Structure formats: C-alpha cells, structure tokens
Amino acid sequence: MALPVAARSARLLRDPALRPRLLAARCQVPPVTCRRWLNLQEYQSKKLMSDNGVRVQRFFVASTASEALEAAKRLNAKEIVLKAQILAGGRGKGVFNSGLKGGVHLTKDPKVVGQLAKQMIGYNLATKQTSKEGVKVNKVMVAEALDISRETYLAILMDRSCNGPVLVGSPQGGVDIEEVAASNPELIFKEQIDIFEGIKDSQAQRMAENLGFVGPLRNQAADQIKKLYNLFLKIDATQVEVNPFGETPEGQVVCFDAKINFDDNAEFRQKDIFALDDKSENEPIENEAARYDLKYIGLDGNIACFVNGAGLAMATCDIIFLNGGRPANFLDLGGGVKEAQVYQAFKLLTSDPKALPTGGEVALARVSEVSPGKVDPNAVAHSVAQGTNVQEAQSILRNSGLPITAAVDLEDAAKKAVASVAKK
C-alpha cells in the first residue's frame, strides 16, 4: 500500500536495510551496491542469537490463537509479553483494524494471551511506520516477560572509516541512540576491533565497564559481548544492534531486543538465513522489483522516481516535493544497473496509470536504448544527463524516438515533471 509523502523519509530512513545506504549517501560516502535487502522479524533475529549462545527471553512463535494460548501455558512464566510480528516499528502504540489497541501486551494470565491473539492474528496493525491500512499480522511472539533493572545500548557494526568492525555502547539504553549521541556524546563509547585478531577480552571487559556493569555482571556482560561479536562474523552481518542490552533484578544480562543487518553479497554463504526472508508484507510490485535486484517502495504521489543510486533517489523525491509535486515511489536501480534491469524498472513504473515517470543520469540514457516498442509509447519521461559521456547520452535521448523531455539539472527536471502532471 502506498505511503503518504509526509511519511516517506521516515519509512526509508527507519528501514534497517536501507538506512545505512541512505545516511551514507547524504554524508557524501559512496553507498555499497547490494543485491537484496533482507529484513528479519524480531523472533528470527532472537532465534539466531539464542542458537549462538546469546541470552534472550524464552519465547515461542504462534500462527493461531490456540497456538498462542498453548505457548503461554508452556512458558509457565510469572508474566508474559505478547508481540505482533511485523517489520515496522512503533508496534506498542499501533492499532489493529480489529479494534485492539497496541501490538505489544503484558499479562500474567495465559488465557488472556489467547484472547489477545484472536484480535491480532489475521488483522492489520497500523503504526507510525506503516500505511493507514496497516500490515497484516500472521504471527505473534509469546515470550517470558523479564523485569529490567537497568538498560544499556550495544551495537557491533562495520565502520568504513575504521576499515572494519567497531563496538559501540552507551550506559543509556532503551532510547534513541542518536539523541544520546547529540545530547551526551561523552556517553557513547567505541572499541575498534581488528578483524584479523578478533575481539580481545580486554575490549569486551572495558566496554562492559563503560556500560556500567559491575561485579559478576561485568564478566557476564563481557561474555555476551564476545558471543555477539562471534555471531556478527559468523552470519556476515553488517550490524548487530541490541537496545536494550539490559540486566535483570535476578542478576542476568539479557538481550531484550535485536536488529540485524546482513551483507547481501554473502547470500551464497548464508542460504539458510536468506531463506527466512518473508516477503508477505511487501506490495506485489515490490516483490516484482526484487526479482530484478531493484529496490522499490510505493508512495502515494503521481510522479514516479526512476534513479540509479539511493542518495540520488532521496534527492529526487525531495526536490519533487519541494517543487509542489508528490513522488509516487522510491526506486533505486543501483550503481551497477544493466539494461535489462532498466527495462523491467520502466515497465513497473509505466504499469501505474497515475504515475508520470521522471529519472536521472544513466537510467534514462539506458532506457532510450531499449526498443520503443518495448515501453508504453504514452509514457512521458524527464531526464537529466550529466557527468561522463554527457554529450553522447544527450544525443541518444534526442534520437531515441521516445517522448523524453531533457532537463538541464535535477531541479529543472522536477519542475517540468510537476508541470506535466498539472497539465493532465
């Protein structure tokens, strides 16, 4: 379902797979070209962690209300947390079209779990990161609810400036880490790890100490940190983020949440993990785009964005909006785009009767080399040909026989696209 334009940046930047690329592009760092964008559900990430010795809450996954009830009984826990499993954030404050408020619930009564699951499974959950219609919930996670006496933040990520992994932590967890970095940068601690030597005991101990763990908890936290790093390497992750990385009143260090990003180029080594990819939440057009290694996110505008590169795609969406238009999508072809991919991307865009295609740089030049009979002759495209071989690209566009309007720069293209939509 198309997203409102006002929510486009939030959706894109909160996408755990897209966010590093988009932020990198906005910081003038060349993004890595990925072939796929894998997102795992919370329960899938936690299972990976549990299978590799990382301590998480005990949990079961249920696809029906009766399974949820049985899971709650099997847990035999003092308190149970029931979580709807969708990829969007903000579940706790979401609303189901069944009328139930909240995608996360706590209860001490297993029977309540079954009753709540009946109002979750099969219904759409709308959050601040979904469309108004929300996303259908097919599974729920039934987990043991543990008290948290203290919350910290921990992440392991690939840092280009360090040419390898970096351990990042803060004693202030359970909150937006970007806010902590902005207001209290002294509370952000980093440990650069030599990828050949691996994480040292001293580094894990120092990070545990910086996070505020004392006594036996310090050794316990250091052990969990090392196990998280081993998982990070084993599954070819680009980021493992735990927030909160907390301690319980009973004296246990637990990973209460998990977000894992993967290096998509290692799919051939991680077939079991990539087989977990659940595309049921995607729109059909997004799944079709993925078949050709294209990244597509539908928006609710009427000007289609057809661009190679995440940074340029974001800029195109922004400049259309600033010139009074509304983007119909975010479509990133990637820097290594091939002619066949461009053709398929153009087919996807022209299949939407409400969208007027616009594009940039290499993309439209490649489209012009496709036979005019292969694309919708009524489609109108606005192109910006700049950079290497610009004159050759402009010549190809002029002689293509396609209804393409040239523009001198991105803003000119946006203005012409908005004007074309207004005429219609």
Side-chain angles (χ1 to χ4, degrees), residues 16 40-60 75 77 79 81 83 141 143-159 162 164-177 180-181 187-195 197-263 270 273:
L40 294 185
Q41 300 282 5
E42 178 187 3
Y43 76 89
Q44 294 171 322
S45 294
K46 284 189 172 179
K47 187 175 188 308
L48 279 176
M49 296 167 73
S50 177
D51 290 346
N52 287 274
V54 178
R55 186 179 292 118
V56 299
Q57 299 152 282
R58 293 186 298 121
F59 71 90
F60 295 103
L75 277 175
E79 191 168 25
V81 58
K83 291 187 175 183
M141 184 173 75
E144 179 183 20
L146 298 176
D147 291 332
I148 308 177
S149 56
R150 201 173 62 86
E151 297 181 327
T152 74
Y153 173 91
L154 181 71
I156 305 166
L157 57 113
M158 283 294 184
D159 189 324
C162 298
V166 173
L167 192 63
V168 180
S170 173
Q172 288 195 3
V175 296
D176 191 334
I177 194 64
V180 177
L187 295 179
I188 302 294
F189 298 93
K190 298 180 181 180
E191 290 283 343
Q192 184 176 340
I193 302 171
D194 187 312
I195 197 166
E197 294 183 5
I199 187 169
K200 299 177 182 178
D201 289 342
S202 59
Q203 290 181 305
Q205 287 283 341
R206 187 160 52 243
M207 178 57 74
E209 182 179 3
N210 286 333
L211 295 182
F213 292 101
V214 296
L217 284 171
R218 177 178 168 181
N219 291 333
Q220 195 180 141
D223 180 65
Q224 290 294 298
I225 290 170
K226 288 188 290 185
K227 287 179 177 177
L228 283 167
Y229 179 77
N230 292 335
L231 173 65
F232 173 82
L233 286 186
K234 179 180 177 181
I235 63 177
D236 289 303
T238 54
Q239 176 173 303
V240 173
E241 182 181 49
V242 182
N243 189 19
F245 181 63
E247 63 181 67
T248 69
E250 294 77 24
Q252 285 190 323
V253 177
V254 180
C255 296
F256 285 93
D257 201 357
K259 293 180 181 178
I260 305 177
N261 297 348
F262 298 88
D263 188 330
Q270 305 293 344
I273 290 177

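This is a predicted model, so every value here is computed, not measured.
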Is there a donor-acceptor contact under 3.5 Å from the side chain of [X] to the main chain of [Y]?
X      : Y      : answer
Arg58  : Ala77  : no
Gln239 : Leu157 : no
Ser170 : Leu187 : yes
Asp223 : Asn219 : no

Close side-chain approach of [X] and [Y], heavy atoms under 4.5 Å:
X      : Y      : result
Met158 : Phe232 : yes
Phe262 : Gln270 : no
Leu167 : Gln203 : no
Lys46  : Gln57  : yes
Asp159 : Gln192 : no
Glu42  : Asp257 : yes
Phe213 : Gln220 : no
Phe245 : Leu211 : yes

Pairwise distance [atom1]([X]) to [atom2]([Y]) - rounded to 0.5 angstrom:
X      : Y      : atom1 : atom2 : value
Met49  : Gln224 : CE    : CD    : 8.0 Å
Lys200 : Arg206 : NZ    : CZ    : 8.5 Å
Gln41  : Lys83  : CD    : NZ    : 12.5 Å
Thr152 : Phe256 : OG1   : CZ    : 10.0 Å
Leu228 : Arg55  : CG    : CZ    : 11.5 Å
Asn230 : Ile199 : CG    : CD1   : 8.0 Å

Does a donor on one side chain and an acceptor on the other come within less than 3.5 Å for Glu151 and Asn243?
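No - no donor-acceptor pair under 3.5 Å links their side chains.
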Could you tell me whether Lys226 and Asp201 make a salt bridge, using a distance below 4.0 angstrom between a side-chain N and a carboxylate O?
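Between Asp201 and Lys226 there is a salt bridge, with a charged N closer than 4.0 Å to a carboxylate O.
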